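Below is one structure; the comments refer to it alone.
What you see is a predicted model; the values in this text were computed from it and never measured. Throughout, a chain's letter reflects where its sequence line sits, starting with A, and its residues are numbered from 1.
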Amino acid sequence: MKDSVYRAPKGTRDLVWPDSERRRSFIDLFAGIVSRAGYAEIVPPMFEHIEVFQRLGDGTDVVRKEMYDFEDKGGRNIALRPEQTASIVRAYAEHRPSLPWKVWYAGPNFRYERAQKGRFRQFDQVGVEALGTDDPHLDVEVIAIAWRFYEALGLRQVNLLLNSVGTSQDRTRYIEALSGYLEKRKDDLSTEAQETLVSNPLRVLDSKRNEDIGVVSEAPSILEHLSDDANSHFNRVQEGLEKLKIPYSVEPNLVRGLDYYVQTTFEFTTESIDAAQDAIGGGGRYDGLAAEMGAPATPGVGFALGLDRTLMACEAEKTFIGPEQLLQIYVVDTTGGENSLVITDQLRQNGFKVDRSFGDRSMKAQMKAADKSGAKIALIIGEDEVEKGVVTIRDLRGEEGQEEIASDSIIANLEKRLG
RNA sequence: GUGACCGUAGCUCAGCUAGGUUAGAGCACCUGUUUGUGGUCCAGGAUGUCGGGGGUUCAAAUCCCCUCGGUCACCCCA
């Protein structure tokens with residue numbers, strides 16, 4: 001607190017146990033689900049040439065003003081990744097893997113923003129990307145994976161919002177129609193929305209301001225501007241979701257912040273967080289992005305889920321709570337520590353979660369530490385035990401009390417107690 | 001980038017309105033009551049440049065200004 005140099009930088013924090021372990025379990029659970037669907041892990045670099053991200057479009061704030069960019073010692077313009085889709089499509093363009101190419105990722109992204117609840121400058125996302133087919137069933141698969149993951153976490157209050165912004169031609173035609181309409185109603189819009197209208201008209205649809213909501217509700221709908229192809233794609237996606245019994249609602253005003261989306265776009269929101277940050281995940285199709293990165297035109301679809309926000313939702317729904325204990329066994333040794341040294345090592349080799357006391361502390365202090373550690377069992381070694389060739393096993397949590405066990409049957413006894 | 005609120009012990013906070021002797025509480029920590037036994041109780045102990053700088057004053061945690069930091073909201077997004 002004294003000196004800002006000795007604090008984590010603004011918008012970052014240290015994840016310590018149990019939060020650190022909760023994060024790991026979260027990623028493990030995700031990895032299990034996606035790997036069963038044929039997705040392989042990819043670990044792209046955390047920074048790229050800035051052009052890679054600029055390909056995402058200059059209409060997005062994420063690239064316009066939120067990038068951590070700098071010049072490296074070689075004079076290259078580098079940016080910390082604000083998201084991972086761009087890196088992955090760049091990797092695709094670079095390596096040209098065989099298709100379809102299905103990958104998943106987990107790791108931090110960086111955006112230079114004012115931090116607030118559920119919004120950090122370094123934040124973790126997990127996600128998948130699938131390139132190589134424009135089959136709407138792939139859209140469904142990607143959405144379903146996210147949905148099943150939320151279910152696996154135990155979340156029940158998640159909503160799937162679905163939309164189609166059509167092909168890039170549809171999108172362009174729609175933007176014209178929308179801009180025309182909004183220009184006419186410009187005076188009714190908030191000043192902020194009027195600015196957005198110039199930079200990125202689609203995003204006006206997303207405004208939550210009261211004065212804008214009325215204007216937006218009467219705006220032409222994207223769904224009326226879809227080409228036949230886009231329409232049938234969108235219908236197939238919806239049919240697929242219905243077959244899988246995944247509930248969704250079509251939101252014609254759903255506009256994602258990244259410009260590269262075409263056709264299907266979707267977002268997951270939670271009802272359990274009443275704060276502003278209720279968007280816990282989202283994604284869509286980006287059929288034009290690979291070509292943009294210099295690869296042959298290749299369709300793609302993917303999603304990203306915010307790890308921190310999803311865990312906030314878990315907290316609100318009291319599910320996927322953190323680990324209960326770090327330790328199973330705590331070794332107390334009042335004979336100098338050699339016995340503890342050896343037995344602790346043995347128990348660890350046998351798969352138990354074990355810690356011990358260090359320093360020459362009294363039995364009372366060691367027992368206190370054993371209790372505080374959360375361990376279920378204390379193993380006590382004192383002069384008496386050494387003489388008799390036993391150890392005392394004391395139950396710290398239940399009613400079992402304690403008993404002396406011959407040194408050579410400790411492992412069997414502990415296995416029985418701890419299951 | 002804009003706005004609001006908040007910075008006092010490791011943590012949560014009281015004290016500030018109407019400035020006045022060594023700045024408090026609870027939790028946590030350590031020790032003891034019990035020289036081989038934790039969790040409850042009791043007793044004792046350690047811990048603060050009252051975010052930083054400047055000003056007003058005989059006197060500032062308290063009033064004023066600046067600054068740094070934090071939180072939340074807008075914006076944007078996960």
Nucleotide N/O to protein N/O under 3.5 Å, stretch nucleotides 39-42 of chain B:
from  : atom 1 : to       : atom 2 : distance (Å)
B:G39 : O4'    : A:Asp371 : OD2    : 3.4

Under 3.5 Å, is there an N or O donor on one side and an acceptor on the other linking the side chain of [X] and the base of [N]?
| X | N | value |
| --- | --- | --- |
| A:Gln84 | B:A78 | no |
| A:Gln366 | B:G36 | no |
| A:Arg309 | B:C77 | yes |

Classify [X] by what it touches in the nucleic acid, base, sugar-phosphate, or nothing, heavy-atom distance under 4.0 Å.
| X | answer |
| --- | --- |
| A:Arg361 | sugar-phosphate |
| A:Glu66 | sugar-phosphate |
| A:Glu267 | nothing |
| A:Gly127 | nothing |
| A:Ala370 | nothing |
| A:Phe120 | base |

Take A:Glu271 and A:Asn159 through the side chain to side chain donor-acceptor pair (under 3.5 Å) test and state the conclusion after the steps. CA-CA 8 Å; A:Glu271 293 164 21; A:Asn159 294 317; 2.9 Å; yes
Which residues pass the side-chain contact (heavy atoms from CB on, under 4.5 Å) test with A:Asp135, sequence neighbours left out? A:Thr133, A:His137, A:Arg236
Within this structure, what is the CZ-to-P distance between A:Arg114 and B:G69, rounded to whole angstrom? 11 Å
How long is the line joining NZ of A:Lys372 and P of B:C27, in whole Å? 16 Å
B:A73 phosphate, OP1 or OP2: any side-chain N/O from A:Gln116 under 4.0 angstrom? yes
Phosphate contact (B:G70 OP1 or OP2) by A:Lys10 side-chain N/O below 4.0 Å: yes
Kindly say whether A:Pro299 contributes a backbone atom to a donor-acceptor pair with the side chain of A:Asp287 at under 3.5 angstrom? no
Quick one: is the NZ or CZ of A:Arg55 closer than 6.0 Å to the six-membered ring centre of A:Phe53, and within 45° of its axis? no
Whom does B:C74 pair with, Watson-Crick or G-U wobble, provided both distances fall under 3.5 Å? B:G1
Pairing partner of B:G19, by Watson-Crick or G-U wobble and under 3.5 Å for both distances, is none
Salt bridge (charged side-chain N to carboxylate O under 4.0 Å, His left out) partners for A:Arg148, two or more places apart: A:Glu151
